[in-house]
J.: 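The structure under discussion is supplied below as structure tokens; questions concerning it will follow.
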Amino acid sequence: LEQMQVRDSLKMYNSLVERCFKECVEDMRSKALTGKEEQCVAKCCEKFMHVTARVGMRFQEFFTQMEQQAAQQAAAAQGGK
Amino acid sequence: LEQMQVRDSLKMYNSLVERCFKECVEDMRSKALTGKEEQCVAKCCEKFMHVTARVGMRFQEFFTQMEQQAAQQAAAAQGGK
Amino acid sequence: LEQMQVRDSLKMYNSLVERCFKECVEDMRSKALTGKEEQCVAKCCEKFMHVTARVGMRFQEFFTQMEQQAAQQAAAAQGGK
Amino acid sequence: MPGEQPSEAEQNAVAAAALTMATTELEYRVSLLNSMVATCHDRCAARPYKEGALSVGENSCIDRCAAKYWQVVAIVGQLLGAQNK
Amino acid sequence: MPGEQPSEAEQNAVAAAALTMATTELEYRVSLLNSMVATCHDRCAARPYKEGALSVGENSCIDRCAAKYWQVVAIVGQLLGAQNK
Amino acid sequence: MPGEQPSEAEQNAVAAAALTMATTELEYRVSLLNSMVATCHDRCAARPYKEGALSVGENSCIDRCAAKYWQVVAIVGQLLGAQNK
């Protein structure tokens with residue numbers, strides 16, 4: 001299970017690199033990132049982490065709510081017997 | 001093996017959700033899907049299941065044919081001995 | 001581990017097919033690839049293998065260099081004791 | 001027979017099956033979360049990236065995006081479920 | 001030595017290797033089918049989606065898409081095979 | 001206690017953990033290589049494909065693409081690492 005977590009975070013790392021490269025690196029005429037590209041990559045990455053945090057929060061809320069509803073329905077079904 | 005099937009169908013479920021969201025959900029100014037978006041998602045999903053069925057049929061035919069050819073070639077090779 | 005290699009190469013095979021289909025196959029009015037499409041697929045595939053070889057070379061260089069640096073730093077740390 | 005204890009082997013098999021199911025469920029949630037994050041980032045992060053923090057507009061866009069995503073999950077789930085019966 | 005029976009351990013190893021190969025082959029087919037479905041849906045499903053069912057035109061588009069997909073599989077397979085030798 | 005030998009079970013556990021780590025590391029490198037190849041192919045391979053070989057221009061484009069890719073890997077790694085602390 002811990003192994004799975006490490007794997008997931010490496011996968012996320014890879015996909016974040018790919019995304020920010022694609023969104024930020026524009027020209028292939030130099031071997032080094034331009035200042036603009038570098039800043040774009042940093043902001044892309046930060047922004048993505050913030051989106052992850054926010055979506056994760058909503059995600060958690062949703063599943064918590066769903067489990068509460070399931071528990072209430074189970075309780076109601078028991079009470080109805 | 002059964003475990004693999006469950007995993008594949010969950011993966012397919014996820015990718016179908018992502019596809020139909022991307023193709024159908026247009027504006028982010030409301031919290032609820034519009035009627036148009038909702039219909040689009042339903043049709044996108046149905047259409048995709050029909051495409052899956054049709055491609056799956058062709059896929060099955062192809063592999064059956066390939067295996068028959070392999071069997072015939074094996075028989076011919078045996079006969080040639 | 002060998003199993004992993006087989007799986008990786010089949011995955012690469014699949015993604016190469018998908019890429020070259022998308023880049024080369026243009027019209028769906030015939031059941032057979034046109035000569036132009038066929039040539040495009042062959043070149044797409046060859047080109048991709050060359051890109052893979054070149055990127056792989058740079059990749060190897062990079063990791064070799066990184067490991068050398070790590071070894072030097074370890075040696076320097078030992079020497080500083 | 002009621003009241004009889006399951007053997008140790010049976011208990012182990014049940015525990016293994018439960019662990020497998022929990023792992024599959026977890027994988028599913030992780031992959032769902034990842035698609036939601038990627039999709040809502042695509043839709044809501046303002047380009048070109050001016051800063052790393054989220055603006056008020058981006059935050060509410062993400063909340064709506066997540067809400068709509070759940071609705072799509074529900075519709076697709078219903079249709080796939082209907083087909084499987 | 002001909003006629004000699006393989007030991008039980010050898011038989012188990014052979015069976016395990018066969019299962020592994022079959023699993024890999026199955027995974028390959030599932031992933032090939034998934035790419036075909038996704039690609040042919042992209043190419044052939046008429047947008048905007050007016051109905052869930054496939055029209056005659058969509059159906060024949062899918063058949064041609066699948067036929068062409070197999071040809072690409074064959075060409076790429078040949079070229080990759082040639083390189084590996 | 002210094003000088004004491006670890007038991008066989010302990011040695012096996014350490015070996016298994018090392019193998020798991022090595023496998024994960026390898027998977028990570030393979031997937032990183034695959035994204036680099038796909039991204040640099042997208043960026044550098046001239047379309048329409050006129051020949052299978054790489055031109056001089058394509059080769060140097062790939063070298064620069066790989067160099068820039070490593071820099072992005074480093075920046076993202078640093079920012080993710082900083083956040084985890």
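In the text below, chain A, chain B and the rest are named by the order of the sequence lines, each starting its count at 1. We use all heavy atoms of the structure for the numbers below, so side chains are in, but hydrogens, waters and symmetry mates are not.
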J.: What residues, two or more places apart in sequence or in another chain, satisfy side-chain hydrogen bond (donor to acceptor under 3.5 Å, both in side chains) together with F:Glu8?
T.: none
J.: In Å and rounded to the nearest 0.5 Å, what is the SG to NZ distance from F:Cys65 to A:Lys31?
T.: 12.0 Å
J.: Tell me whether F:Met21 at atom CE has more than 12 heavy atoms from other residues, nucleotides or ligands lying less than 6.0 Å away.
T.: no
J.: Evaluate the criterion side chain to side chain contact (heavy atoms under 4.5 Å, CB included) for residue pair A:Glu18 and F:Val72; output intermediate values, then yes/no.
T.: CA-CA 9 Å; A:Glu18 197 175 333; F:Val72 176; over 6 Å; no
J.: Got a second to check how far F:Lys68's NZ is from A:Cys24's SG, nearest 0.5 Å?
T.: 11.0 Å
J.: Does F:Gln11 CD have over 12 foreign heavy atoms under 6.0 Å away?
T.: yes
J.: Just how far is it from atom CZ of A:Arg7 to atom OG1 of F:Thr20, taken to the nearest 0.5 Å?
T.: 9.0 Å
J.: Atom CZ of A:Phe21 and atom SG of F:Cys40: how far apart are they, to the nearest 0.5 Å?
T.: 5.5 Å
J.: So what's closer than 4.5 Å to chain F heavy atoms on A:Glu26: side chain, backbone, both or neither?
T.: backbone
J.: Is the shortest heavy-atom distance from the side chain of A:Met49 to the side chain of F:Leu80 under 4.5 Å?
T.: yes
J.: Which of the residues A:Ala42, A:Cys20, A:Ala32, A:Cys44 is involved in the greatest number of heavy-atom pairs with chain F at under 4.5 angstrom?
T.: A:Ala32
J.: Answer yes or no: is there a donor N or O on one side and an acceptor on the other, between the side chain of F:Arg43 and the main chain of A:Lys22, under 3.5 Å?
T.: yes
J.: Compare all side-chain heavy atoms of A:Leu33 with those of F:Ile75 and state whether any distance is below 4.5 angstrom.
T.: yes
J.: Please look at F:Leu79 and chain A and tell me whether the side chain, the backbone, both or neither of the residue comes under 4.5 angstrom of a heavy atom of that chain.
T.: both
J.: Using non-hydrogen atoms and a 4.5 Å limit, figure out which bit of A:Ser15 sits close to chain F: side chain, backbone, both or neither.
T.: neither
J.: Top residue by heavy-atom pair count (under 4.5 Å) with chain F, among A:Glu46, A:Arg29, A:Glu37?
T.: A:Arg29
J.: Just how far is it from atom OG1 of F:Thr24 to atom CE of A:Met4, taken to the nearest 0.5 Å?
T.: 12.0 Å
J.: Measuring from atom CD of F:Glu27 to atom NZ of A:Lys11, what distance do you get when rounded to the nearest 0.5 angstrom?
T.: 9.0 Å
J.: Under a plain distance cut-off of 3.5 Å, with no hydrogens placed, do A:Asn14 and F:Ser31 share a side-chain donor-acceptor pair?
T.: yes
J.: Hey, is CD on F:Glu25 packed in by over 12 heavy atoms from elsewhere, all under 6.0 Å?
T.: yes
J.: Would A:Tyr13 and F:Val73 count as a side chain to side chain contact (heavy atoms under 4.5 Å, CB included) if you check the C-alpha gap in whole Å, the side-chain angles of each, and the deciding distance to 0.1 Å?
T.: CA-CA 9 Å; A:Tyr13 180 21; F:Val73 167; 3.4 Å; yes
